[in-house]
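Please read the structure below before turning to the comments.
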2 protein chains.
Amino acid sequence: MARAANPHLKQQLVDAATEIFASHGLAVARVSDITDRAGASKGAFYLHFASKEAAYSEIARAFLDQLLVLLRTQSIAMCDACADGVPERVAQADHQFMEFLWQHRRPLAMVLDGAVGTPYASMQDEFIDSVLRHMRESISAHHRAYPQLANVIDAEFAATMATGTVFMYARRIIREHQPPFAAEHLVAFRALFAAGQSPEVAEMMRATDPTRSLLVDPAQPAPGATAP
Amino acid sequence: MARAANPHLKQQLVDAATEIFASHGLAVARVSDITDRAGASKGAFYLHFASKEAAYSEIARAFLDQLLVLLRTQSIAMCDACADGVPERVAQADHQFMEFLWQHRRPLAMVLDGAVGTPYASMQDEFIDSVLRHMRESISAHHRAYPQLANVIDAEFAATMATGTVFMYARRIIREHQPPFAAEHLVAFRALFAAGQSPEVAEMMRATDPTRSLLVDPAQPAPGATAP
DNA sequence: ACCTGAACACCGTTCAAGT
DNA sequence: ACCTGAACACCGTTCAAGT
């Protein structure tokens, strides 16, 4: 009881898979969930994708590729903006980035939440690592524009903090299905980086010993560690 | 061909499950992976756990409960430290927290990476939300101790940023199997919060319009959004 | 060509049987 | 009581058959 060829079926399957993967996650999503939503049989799925995981990979990769293009464009704009000393342009780039995450919130949810614990967990890593690299470049540009900052604020720490903050906002987008009205937050964030010029900050940093290592015994292996 | 009762089997299963869930994730981990590692039959697993997911839940909960105890203790200590104006004690609390995450890196990996895309994804949310609540309280204490900060640095943003940073360090612990020697980073982080006193920061914040909303059209629904 | 759905394989879960 | 492993159920994947 086959039906006539449907030239839109591939796109219908992609749309259905994006929604199902985003809301259930790769591991829990059933192929039958996807094909039911797309109005096709389970067999039809395998005419368009080699496997459930291949479908996930194809959709997530399309999103990550678009993200990488945006970040590359922004890194260039950011360098220009900083060299010109135009913080307003920097804030606009943040705005554009958050807008992108909001518009692509279903594939974003797939990448952040959908594949962890499966062979495609590396998609989340790629998202975070891409943002981290972008932040390193932006902050380097900032430090070139304002050399006095470089002595006070550690660039690697600032990039880690910025990326963690982006992750928290991305998480809010996909958890609360609400855009994060964070313009003022992003302004505060950029402002904070300029704060290293403060003599009070320099004084606090001199008051502690940065050579002390964080952990008592890094060589000690960790057991299940659920015992008290 | 049954064997004699083994009073250690439950603990062996917990240890094996912690390792397998941390390295494979709940969805991908097989019960047979766990029972093979513990040297038992598949059937024995179900004498001690109602299901694979119940085992995950039991181990993750034990870790999260310990984390909550630590955070509660620290929130109290943090308030005291801030009231006394002792930033060194605050840095020690950060140190202790990172040490805790390092010592419990296997259950941490389970909670952050193991259950996303399954009904137990909420464990990761609980970790992040607990840290976020803790950071809110710490920062409130900071603002009470240094009232001039409260006018410049948004407490909710600072808590979001702090939590994102902790997440990034936690991620580094479980990805790189390396302790994050981040003492100097944590010092820089604490110092940054005090930076709002800087007149330059106040000036930059006045120069931008915080009432502008971040996103163009928050009501617009998101499709699969993989099209260009 | 394109699609269907019955059949097969894998692994979570159950349970009759073994000590 | 405690444990085993064969059997069952569910869902990813395949493929013979339909248009």
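Residue numbers begin at 1 in each chain, while the letters A, B, ... track the order of the sequences. What you see below is based on every heavy atom in this structure, not just the backbone, and it leaves out hydrogens, waters and symmetry mates.
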query = Which whole-number value in Å describes the distance from A:K52 NZ to C:dC10 P?
reply = 16 Å
message = OP1 or OP2 of D:dG5 versus the side-chain N and O atoms of B:K42: is any pair under 4.0 Å?
response = no
remark   = note: A:D36, atom CG; D:dG12, atom P; distance rounded to Å ~ 11 Å
ask   = D:dG12, C:dC3, C:dG12: which one has an atom nearest the side-chain heavy atoms of B:R30?
value = C:dG12
Candidate pair B:R106 and B:F21, rule side chain to side chain contact (heavy atoms under 4.5 Å, CB included), full reasoning = CA-CA 9 Å; B:R106 298 319 274 161; B:F21 286 146; over 6 Å; no
query = So which nucleotide does C:dC11 pair with, by the Watson-Crick or G-U wobble rule with both distances under 3.5 Å?
reply = none
note = To the nearest angstrom, the CD-P distance between A:E53 and D:dG12 comes to 11 Å
query = Can you tell me if the side-chain N/O atoms of B:H48 get under 4.0 Å from OP1 or OP2 in D:dC2?
reply = no
inquiry  = Salt bridge check, B:E58 against B:K10: does any charged N sit closer than 4.0 Å to a carboxylate O?
reply    = yes
task = Round to a whole Å and report the spacing from CZ of A:F45 to C1' of D:dC11.
result = 13 Å
message = When you measure from the side-chain N and O atoms of B:Y46 to the phosphate of C:dT13, is any distance below 4.0 Å, counting only OP1 and OP2?
response = yes
query = Are B:R61 and B:D65 ion-paired here, with the side-chain N under 4.0 Å from a carboxylate O?
reply = yes
message = Pairing check on D:dT4: which nucleotide meets the Watson-Crick or G-U wobble criteria with it, both distances under 3.5 Å?
response = C:dA16
ask   = CG of B:D33 versus P of C:dC10: gap in Å, rounded?
value = 15 Å
remark   = note: A:Q12, atom CD; C:dC3, atom P; distance rounded to Å ~ 10 Å
remark   = note: B:L47, atom CG; D:dG5, atom C1'; distance rounded to Å ~ 13 Å
inquiry  = Between B:Q124 (side chain only) and B:L112 (backbone N and O only), is there a donor and an acceptor less than 3.5 Å apart?
reply    = yes
Lys/Arg N to Asp/Glu carboxylate O, A:D36 vs A:R30, below 4.0 Å = no
message = Can you identify which nucleotide, out of D:dT13, D:dT4, C:dT4, has its nearest atom closest to the B:S41 side chain?
response = D:dT4
